[in-house]
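Written below as structure tokens is the structure these notes are about.
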Amino acid sequence: MFENNDQLLPPLPAVVTEPTLEHMLRHFEVEQFLIEEAALLDQGKFQDWLALFAEDVRYWMPIRRTMTTKDTARQFTRPGQMAFIDDDHAMLAMRVRRLKTGYAWAEDPPSRVRRLVTNIRITAATEDEIEVHSNFYTHRVRLEKEEDTWVGHRQDRLRRVDGALKIRQRAIFIESTVLQSPNLSNFF
Amino acid sequence: MEPKAKNRFVDYLNIDDHTVDRVIFSGDELYKTEQKKIFARGWNFMCHESQIPKPGDFFLNYIGEESVIATRDRTGKLQVFLNSCRHRGNAVCRAEMGNARAFLCTYHGWTYGLDGKLTGVPGFRELYQEKINRDEWGLIPAGKVQSYRGFVFATMDPEAPDLEEYLGDVGRTGLNFIASQGDMVVVEGVQKNRLECNWKIVVDNTFDWYHAQISHASAFMSGAFPRSLPDDTANELLHPFGSKQQRVLFGDYGHAISGPRLTDAVWDGLQRIAARDESIVPSPVMNSLLWRLDPRAGEELGEIGTRSLGHPHIFPNLFVSTITNQVALRLPKGPNETELWWFTFVNKDWPDEVKAGAISLATRVFGPAGMLEQDDGENWEMSTSGTRGLIAREYPLNYQMDAETTNLTVPEVGAPYIDTLVNEHAQLWTYRAWADWMSAESWEELKQNHATPQDVFKSA
Ligand code: FES
Ligand SMILES: [Fe+2]
């Protein structure tokens, strides 16, 4: 009830999370992938980070609304409605380019950002694709004392391309309805 | 701590020298006065009718800092109430939108109808012995609730002029930029975020065609815009120093429209696109302007409005973004805090891919992650900080750009305007109106005593 069940992409077959070697290996690989991805962002290696996305990526952060229990299914805006972010690869690349212009004031001097990515859950998979959920706690410190925290959950569709995992789709579900940050100039 | 308050609000401005006292952007006492004399008295944007089409549909908003419910009663009538129970003051509505049959207070259970009437009091017989007069204890209603072409506004002051009169030519033209495109509806999802800045710093930016070349340099450099804007407008944004393409329109009570005009070249281009001239490849933004060629739109906007690409602002806090078909509310949350709420419009009859394109443009340009807006917030926050210091407050802010202009035109019909360079006239106009609002004790007085553009700007 508290998650968005919109399927942007056709669903994958569910996986049984048994402690089999196969599942553990897959889990280990995905977990390492997400942790390495967060490290690239924390280190400001945005170009390398961009390389983790499939060419046909959709990077989407819907708007959340405070609604009563009977309306919780409507709390997130749906694809095609307004969103905080709804990017394709070209748009993500533009954001990365922006940060390198020397004029991206919201991130210059650069913010110090630390991302905690946890509660990693693989829910569905095929040979080539994996559906993975993770929780994030992203804390940004800027200038002398500007601090912003974003907490939420991500639903990623990973795809294996030439042996390597790529992010085919990322949906970012934030807990805030009124963002308490002056902007969203960082990545999730 | 504030330095000694000025005797008259207009003394916070030096109109002859084109300067503004910093204290108006962070003074606590001034902020409190604004809540009463500007926000409670003025017409505040609530929502668009398309957001609450059915009886019981509601949308929470604010008048100043006070939570209000905008809803439709059983008869379909628009209603706005303070979101506060008459018993102990508790909120009677906590969801920001939805549909309700009644508003039930979760503290002791007083229940209010969609028309605001107190309909239920637990223990009415046993505890109140039926002595409480329920007719007297309904939700506190707005003084007036009206809508102009679907845009719903409310004022707490029953003495306020009717909405259409309040908006005047300039305010109505501002909303017509959206309404004249057809059956316009709000897209689901209002982006909301909070900034540590004064609301007037954000209002000021509505008219600021000077900042884009540096504030938004990264967006232009990374390729976000020029290809989608008419050439002249892109030029205007990037190199606003040479051209004389700006027009500022002044409306009573502080409304204004300021920004580039559609030049003859762009207008000619539009006509060629409409005539399917294949030598011109229309950009999405050019396409989005084609509706202005419609004679009915021309009639509604008038000669002056049709050719304006300026940013309308409806005093006190509603910005109409003409290129992205959005309106943005700047809600005061204390002298140093403001929430930005973005409402996005599409025409119900547009083909799906046109709607999707419009939604995508709005998402990518404005809002906290927007290529433009990302770089605005910190500037506004630090500008506000820069007005707090007691030393800094000894030094006013500068609004002297194009100060020597002497070509205010006052036409027989329609709004007074200035055609000129990039300028700060609309900002000064806003602050001049602010002083009038702050000085007047009533609507009666405000109607009698408010500046005209002739008082502030020189004519040829
Ligand atoms: S506060 Fe609302 S019923 Fe008591
Ligand atoms: Fe800006």
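All of these numbers come straight from a predicted model, not from anything done at the bench. First the proteins, then the strands, lettered A, B, ... as listed; each starts at 1.
Between A:W105 and B:S218 there is no side-chain heavy-atom pair separated by less than 4.5 Å. A heavy-atom distance below 4.5 Å is found between the side chains of A:R65 and B:E188. No side-chain heavy atom of A:L179 sits under 4.5 Å from any side-chain heavy atom of B:R194. B:N193 places none of its side-chain heavy atoms less than 4.5 Å from the side chain of A:F84. A:N183 is not listed as a side-chain neighbour of B:E378, based on a closest heavy-atom distance of 4.5 Å or more. Between B:Q374 and A:L184, the closest side-chain pair of non-hydrogen atoms is not below 4.5 Å. A:T68 is not listed as a side-chain neighbour of B:R94, based on a closest heavy-atom distance of 4.5 Å or more.
Of the atoms belonging to A:D88, heavy atoms from both backbone and side chain fall under 4.5 Å from chain B. Within the 4.5 angstrom heavy-atom criterion, only side-chain atoms of A:L143, from C-beta onward, approach chain B. Interface residue B:V190: only backbone heavy atoms are found under 4.5 Å from chain A. Of the two parts of B:L60, neither the backbone nor the side chain holds a non-hydrogen atom closer than 4.5 Å to a non-hydrogen atom of chain A. For A:S176, no part sits under 4.5 Å from any heavy atom of chain B, backbone or side chain. The parts of A:D87 that come within reach of chain B are both its backbone and its side chain, each placing non-hydrogen atoms under 4.5 angstrom from that chain. Contact of B:T344 with chain A is made through the side chain alone, with heavy-atom distances under 4.5 Å.
Among B:A217, B:A369, B:G370, B:C197, the residue with the largest count of heavy-atom pairs under 4.5 Å with chain A is B:A369. Your options are A:R98, A:K100, A:M67, A:Q81, and the one with the most heavy-atom pairs under 4.5 Å with chain B is A:R98. In terms of heavy-atom pairs under 4.5 Å with chain B, the best-connected choice from A:G80, A:G102, A:A106 is A:A106. Comparing B:T338, B:D376, B:N379, B:I214 by how many heavy-atom pairs each has under 4.5 Å with chain A, the most go to B:I214. Of all the listed residues (A:M91, A:R97, A:K70), the one sharing the greatest number of non-hydrogen pairs under 4.5 Å with chain B is A:M91. Looking only at heavy-atom pairs under 4.5 Å with chain A, the residue among B:P368, B:S215, B:G377, B:G189 that has the most is B:P368.
With respect to the salt-bridge test (charged N to carboxylate O, under 4.0 angstrom), the residues A:D86 and B:R364 do not qualify. A salt bridge does not link B:E381 to A:R142: none of the charged nitrogens lies less than 4.0 Å from a carboxylate oxygen.
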(message) side-chain contact (heavy atoms from CB on, under 4.5 Å), that's the test. Do B:K192 and A:I63 meet it? Break it down for me.
(response) CA-CA 9 Å; B:K192 302 178 179 177; A:I63 298 169; over 6 Å; no
(request) Could you walk me through whether B:Q326 and A:M82 pass side-chain contact (heavy atoms from CB on, under 4.5 Å), step by step? (result) CA-CA 12 Å; B:Q326 291 176 288; A:M82 283 303 288; 4.3 Å; yes
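For CD of B:E66, the number of neighbouring non-hydrogen atoms (other residues, nucleotides, ligands) closer than 6.0 Å is 12 at most. Residue A:F188 places its CZ atom among more than 12 non-hydrogen atoms of other residues, nucleotides or ligands, all under 6.0 Å distant. Heavy atoms of other residues, nucleotides or ligands lying less than 6.0 angstrom from CD of A:E175 number more than 12. In B:R101, the CZ atom is not crowded: 12 or fewer heavy atoms of neighbouring residues, nucleotides or ligands sit closer than 6.0 Å.
Atoms OG and CG, on A:S185 and B:D375 in that order, are 7.5 Å from each other to the nearest 0.5 Å. In this structure, the separation between CD on B:E96 and CD on A:Q75 is 10.0 Å, given to the nearest 0.5 Å. To the nearest 0.5 Å, the span separating OG1 on B:T363 from CE on A:M61 amounts to 12.5 Å. Residue B:E337 holds its CD atom at 8.0 Å from CD of A:Q180, rounded to the nearest 0.5 Å.
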